[in-house]
Amino acid sequence: MSEMTLDAPEDEGAVTVNDNPVESAIARLKERFPDAVSDDPRDGYEGVIVDADKLIEVSEALRDDLGFEYLSSVTGVDLIDDGKLEVVYHVYNIEEGGSAVVMKAQTDRDNASLPSLVSVWPGADFQEREVWDMYGVHFEGHPDLRRILLWDGFKGHPLRKDWQEPFFEEEHKPFGSRWPGGSVARIEDSNPFGKNVQYPEGWLPTGDEYDVEIDMYPHEPAHREDESTRMVTDKVTVNMGPQHPSTHGVFRMVVELDGETVVSLKPVMGYLHRNHEKIGERNTFIQNIPYTDRLDYLSSMGNNLGYVLTIEKLLGSEVTERAEWIRILMAELTRIANHLWALGFLINDLGALQTPMLYFYLERELILDFFEAASGARLLCNYMRFGGVAYDLPDKVRETDTMTFLHDLIYENIPNVLDQGENLFVGNEIVRTRSIGVGVLTREDAIAYSAAGPVLRASGVQYDVRRAEPYSYYDKLDFDIPVRYNGDVYDRLLIRMDEMRQSLRILEQVLPHLKETEGMPVIGGKPQYAIRMPKAGEAYGRVENPKGELGYYVTAKRRDANPQRYHVRAPSFINLTALGKMCEGHKVADVVVILGSIDIVLGEVDR
């Protein structure tokens, strides 16, 4: 821990006191590091630019002396016009809540190198690897700097502005070839199969190319002698996945074992990667809304909400009252639908086969019926719009008046199934034996590893974006932030039950507002599709999605119709950072359960 103090010497005068924790922290950093910390001078941008040589020292001061101990997001940006790459850090104060201290560090584009912050915030681990993978920023001192979403032999860094894929057509949509008029053409048609790939220079498919991924494996066998039997055994490295029923998708874990005991574990992802963010920078702003559905595809309404909130910050949009209440309705029903499924699969991972999911199935289907009636889709809803929502609520759901349907769902159907779940699972002897004390993540580690959502709150951290930095009308609602304190699989199960109860409490307050605002507009002004940014700038919007903080960092140039930078802070991805630590010392069967208790969706992990 750093021993430095940010109090100015008496003869230089004290730092000005500021009630805003972010402004106060920035003022103190600038006072302590006058030559290394400066305001971002760009119009529409916030935060500070930190000299790369002082980045670790400034970060330690921010964490240890100013209480900003929670690194939420690490974002790479290509400033191609300036010949630089930039890394943006959003850091929060867990105790105070509020917005982030936004730090930026820049490096030369042709020789990109910055110090790693993993030693300060271990949660930077996977995020720095992603920036290395996509932009080629070398993080000095990173403990395991390898590609994370692409295979190790991939050529180039695809989020750089000058990287083009083999079937590149144009920089931004809408592409000229897509306009109607009888001349529609697709670039893929002019690329014969087998010619639309790029290989690294000198690479030939001989079979040896797969040796590039051996760095994560032990290079020599590790011998162990049992003290009681004097038997000498070897540690064994095995792969779980990617085609494995308990990895919740195409996900692999490289597990080093001493017998059945986990010595170390490294997650391997990227099998589903489709460069969502590159697509997002080619799309127009409104074209990205349905793409967000494909992230955590069990939470598409929440994904939509986080994105539109971000763009509304850039646009300065006003949202109608009725639309705000509908947004909260959709977000909380999404939380319940997600948690029902998460718990069903978790009990399945514990060995109860498919039966637990069936106990929650009907009520989750009712929520999806409502989503379908409102948006036209059950899973990928594409419902939110800048300034409101796409459609008002339907008159009927399943031939039942919509308000009656919602009343029965919120007051009867969901409470009954939660009671049933608690009776069946919470006190179950097998569930308790397999989950209590398993996969423990302490409060300190949960914060350090940037865990979010139920994973964070089950470790004793009462932090929720809806309270810490309220959005929509959450500051008008009465609800509690559940917290559990053991940080194990059992508490991660219980916290989701608690959160569904609180979501019902919120929904009970929303229903009267839906009745009062009936007939009011659901979008502000005339819907716009060809949006151009009125001014340049950046925005970071975040919501408390079912799996944790979902954040979008978007930058835009004035009058542009497409994002300049579009980045997703994906909770499923970042929550996996602590998986190895949570599994150490447990058995192989426990690994399945611990992973299930994190609740990941690979569409969000890989993007």
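Both backbone and side-chain heavy atoms feed into the values below; hydrogens, waters and symmetry mates do not.
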For [X], enumerate each residue passing the side-chain hydrogen bond (donor to acceptor under 3.5 Å, both in side chains) test, keeping only those at least two apart in sequence or located in another chain.
X      : value
Tyr92  : Arg542
Ser572 : Glu604
Tyr135 : Arg565
Ser116 : Glu128

Heavy-atom side-chain proximity of [X] to [Y] below 4.5 angstrom:
X      : Y      : value
Leu456 : Asn575 : no
Tyr552 : Thr292 : yes
Pro534 : Arg558 : no
Ile328 : Ile506 : yes
Leu333 : Phe371 : yes
Asn545 : Asn303 : yes
Asp293 : Asn304 : yes
Met384 : Tyr307 : no

Test of understanding: with salt bridge (charged side-chain N to carboxylate O under 4.0 Å, His left out), list the residues that count as partners of [X], not counting sequence neighbours.
X      : value
Glu324 : none
Glu321 : none
Asp40  : Arg42, Lys104
Lys278 : none

Please confirm whether the backbone N or O of [Y] pairs with a side-chain atom of [X], one donor and one acceptor, at under 3.5 Å?
X      : Y      : value
Thr402 : Pro394 : yes
Glu130 : Leu149 : no
Arg607 : Val605 : yes
His273 : Asp606 : yes
Glu538 : Glu46  : yes
Arg322 : Pro521 : no
His248 : Val601 : no
Ser375 : Ala377 : yes
Tyr449 : Leu579 : no
Thr107 : Ser113 : yes

Salt bridge or not for [X] and [Y], using N-O below 4.0 Å?
X      : Y      : answer
Asp81  : Lys161 : no
Asp464 : Arg457 : yes
Arg160 : Asp78  : no

Margin query: Would Glu332 and Tyr474 count as a side chain to side chain donor-acceptor pair (under 3.5 Å) here? Give the steps.
Written below: CA-CA 11 Å; Glu332 296 309 316; Tyr474 279 106; 2.5 Å; yes
Quick one: [atom1] on [X] to [atom2] on [Y], what's the gap to the nearest 0.5 Å?
X      : Y      : atom1 : atom2 : value
Leu406 : Leu511 : CG    : CG    : 6.0 Å
Gln502 : Arg466 : CD    : CZ    : 8.5 Å
Phe154 : Arg147 : CZ    : CZ    : 6.5 Å
Asp560 : Ile531 : CG    : CD1   : 13.0 Å
Ile414 : Ile336 : CD1   : CD1   : 4.0 Å

Next item on the list: Kindly state each residue pair satisfying salt bridge (charged side-chain N to carboxylate O under 4.0 Å, His left out) with at least one member in residues 364-379, sequence neighbours excluded.
Entry: Glu365-Arg378, Asp369-Arg378, Asp369-Arg398, Glu372-Arg378
Next item on the list: Walk me through it: do Val131 and Leu114 pass the test side-chain contact (heavy atoms from CB on, under 4.5 Å)?
Entry: CA-CA 11 Å; Val131 175; Leu114 288 172; over 6 Å; no
Test ring pair (Phe, Tyr, Trp, His ring centres under 6.0 Å) applied to [X] - qualifying residues, sequence neighbours left out:
X      : result
Tyr45  : none
Phe68  : none
His142 : none

Can you name the nearest heavy-atom pair linking [X] to [Y], along with the distance?
X      : Y      : answer
Pro41  : Ile49  : CD-CD1, 4.0 Å
Tyr391 : Ala374 : CD1-O, 3.5 Å
Leu314 : Ala539 : CG-CB, 3.7 Å
Asp599 : Arg496 : CB-NH2, 3.4 Å
Lys547 : Pro454 : C-CD, 4.1 Å

Item checked: Candidate pair Tyr553 and His90, rule ring pair (Phe, Tyr, Trp, His ring centres under 6.0 Å), full reasoning -> CA-CA 10 Å; Tyr553 178 79; His90 287 79; 5.7 Å; yes
Notebook entry, point to check: Should the ring pair Tyr463 and Tyr70 be called parallel, tilted or perpendicular, given that the plane angle runs from 0 to 90° and is split at 30 and 60?
Noted result: tilted
Margin query: Leu315 and side-chain contact (heavy atoms from CB on, under 4.5 Å): which single residue from Lys535, Arg532, Met533 fits?
Written below: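 Running side-chain contact (heavy atoms from CB on, under 4.5 Å) over Lys535, Arg532, Met533 with Leu315 returns exactly one hit, Met533.
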